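So the structure is just underneath, and the comments pick up after that.
Not measured: the values here are computed from a predicted model. Every chain is numbered from 1, with letters handed out A, B, ... down the list of sequences.
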Protein chains: 2
Amino acid sequence: MSYEAITAKVRSGGPGASFDQMTHGLNASAKTRVTALLQRNARRYPAGSNIILEGDESDPFFLVLDGWVALNKSLEDGHVQTIDIILPADVIMPSAEGVSAFDVHALTDVTVCAVPMQELDKLEAADPPHMWTSIRALSAAAKARIAERMLRLGQGSAEMRIAYFLTELYLRVSACNDNQDMVFHLPMTQQQIGEFVGLSSVHVCRTLRRLSRNGLIDTSDHLKTVINDFDSIANIAQIDINQLKAEILPSDC
Amino acid sequence: MSYEAITAKVRSGGPGASFDQMTHGLNASAKTRVTALLQRNARRYPAGSNIILEGDESDPFFLVLDGWVALNKSLEDGHVQTIDIILPADVIMPSAEGVSAFDVHALTDVTVCAVPMQELDKLEAADPPHMWTSIRALSAAAKARIAERMLRLGQGSAEMRIAYFLTELYLRVSACNDNQDMVFHLPMTQQQIGEFVGLSSVHVCRTLRRLSRNGLIDTSDHLKTVINDFDSIANIAQIDINQLKAEILPSDC
DNA sequence: CGGCCATTTGAACGCGCTCAAGCGCGGTGG
DNA sequence: CCACCGCGCTTGAGCGCGTTCAAATGGCCG
């Protein structure tokens, strides 16, 4: 079963929802123009492929239309660290100077839209305040996410990191959802989760199983991750949910 | 001895160098105007004090004129993680929404300049391309720095983290220097270094001593940190120096 | 049914932590 | 001037969390 087919079951809002989110706030004519631009520059990548490699030349700016993307850095010994995970309607900025600071890796089948700088300038000319406000909000949210994760990467236990990971991604996946069922799909192997939270895949497994055995989560159906006891998870992760929501989710949603 | 007195010995360029760096690229009239703005809004904080607390309301934008600043996040159990260290001529963006995502902590006596949003807009009106270009370069460098550090925080050994820490700060401190003597001042306790690299102060001590015993560095005069064998340090840190320089240093320098 | 990949579990090791005591140095007050 | 104090650095001992290595199990697809 494809990733889209799976998430279609779990998420509300079908294909096209990303476009709505991204053009949200624009007037009608700008909206059609931007949507056209996005569709024109859209490209597909299969799960497991690299969209950009660290050190490659790249456009400064990508929009993720669909699928999950990991931003990876790696050491010579082969160890990989995922710096951030990018979800649909979010933005990838591989950094200035035209050279990417990390691998951009497709966790699932992915549709992204490379936005060349001159196109961006055109958009800005069309609707300057909205465009940059929106970008600034997205990148502030990304910074906050990374800081929060870094805190736990440096100071937290394995359990705390996993609990935080589950909470963060649940919040982000269901940010624009109104249903409260605490069920979502994590299209990542335990290896990839480990690369994200700084643990070996073996210990990710052990930690998830412990949470599962204690009834806090349910991973028996590995297409759906269920958080049974959100308060306990948030407590283990040392999260103040409302504060975290305000910080890591772009406000307009 | 004050921090300024110490660094005056080590660094080239006296007081006022920060102003020059920050207004670099502006025309003469803009330069005087910006310098005046900076001096008008400048505030001093003693070493050890907090400039902003996590969750506080704050201006969106600070310029560090002098001294070292740590951006800290902490867990309830008291563990602290330093997300980034800000040096003179660099910028603090405590994040959008007017609420700071972290403590802003003075590692030394510090002079910062809070720039309210409306002032920023005025500056932008005066010289729009320069201002935002410069800010974007600074924040791209900050992102790259944090990613590079996060890689080692999640995947590297204690030795690698310490070696990377030394290299990063040496590069940044001496970025605008032409002398190549590999001597600089680190105004941080081992406790604070530990909070930055995710190690206990005890282990920071052990690791520094080991590097020192092997002749790679010299910390006997704790006002000056000396890197004796830069290649070995860079090798331990798994750094490609030229690539790192390009990534983490704002280009105009 | 067989092959492949992800997950699970066990065993043993070791890195980095905690706790605790000793040392060195600068500042302060008698 | 020296005694004292406090803070940061140093070093030792012992422990525990998370790692590595290895093997078994499970699930999906050809």
What is the distance from [atom1] of [X] to [atom2] of [N], rounded to the nearest Å?
X	N	atom1	atom2	answer
Leu153(B)	dG18(D)	CG	P	14 Å
Glu159(B)	dG14(C)	CD	P	17 Å
Gln155(A)	dG16(C)	CD	P	14 Å
Ile162(B)	dG16(C)	CD1	P	10 Å
Arg206(B)	dC17(C)	CZ	C1'	9 Å
Ile193(B)	dG16(C)	CD1	C1'	17 Å
Leu208(B)	dG16(C)	CG	C1'	15 Å
Asp221(B)	dG26(C)	CG	P	10 Å

Closest approach to the side chain of [X], judged atom by atom: which nucleotide of [options] is it?
X	options	value
His203(A)	dG18(D), dT18(C), dC17(C)	dG18(D)
Ser157(A)	dG18(D), dC17(C), dG10(C)	dG18(D)
Val202(B)	dT20(D), dT11(D), dG18(D)	dT11(D)

So which protein nitrogen or oxygen atoms get under 3.5 Å of nucleotides 7-9 of chain D's nitrogens or oxygens?
from	atom 1	to	atom 2	distance (Å)
dC9(D)	OP1	Gln190(B)	N	3.3
dC9(D)	OP2	Gln190(B)	N	3.0

Could you give me the CA-CA distance, side-chain angles and deciding distance for Asp56(A) and Ser58(A), then say whether side chain to side chain donor-acceptor pair (under 3.5 Å) is met? CA-CA 6 Å; Asp56(A) 276 6; Ser58(A) 86; over 6 Å; no
Which one of Ile92(A), Asp103(A), Thr82(A) satisfies the side chain to side chain contact (heavy atoms under 4.5 Å, CB included) criterion with Leu71(A)?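 The side chain to side chain contact (heavy atoms under 4.5 Å, CB included) with Leu71(A) is passed solely by Ile92(A) among Ile92(A), Asp103(A), Thr82(A).
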Salt bridge or not for Arg172(A) and Asp90(A), using N-O below 4.0 Å?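 Salt bridge between Arg172(A) and Asp90(A), a charged N being under 4.0 Å from a carboxylate O: yes.
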Under 4.0 Å between a Lys/Arg side-chain N and an Asp/Glu carboxylate O for Arg145(B) and Asp84(B)?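 Looking at Asp84(B) together with Arg145(B), the answer is yes, because their closest N to O distance falls below 4.0 Å.
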Within a strict 4.5 Å, meaning less than it, do heavy atoms of the Val112(B) and Ile51(B) side chains meet?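 The answer is yes; the side chains approach within 4.5 Å.
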So, using ring pair (Phe, Tyr, Trp, His ring centres under 6.0 Å) as the criterion, who are the partners of Phe196(A) when residues are at least two apart?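 Expected list: Phe165(A).
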Do Arg161(A) and dG18(D) have a side chain to base donor-acceptor pair shorter than 3.5 Å?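 No, no donor-acceptor pair under 3.5 Å.
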Select base, sugar-phosphate, or nothing to describe what Gly194(B) touches, counting heavy atoms under 4.0 Å on all strands.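 Touches nothing.
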Nearest non-hydrogen partners of Ala42(A) and Leu65(A), listed with the distance: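 What the structure gives for the nearest pair is CB-CD1, 3.9 Å.
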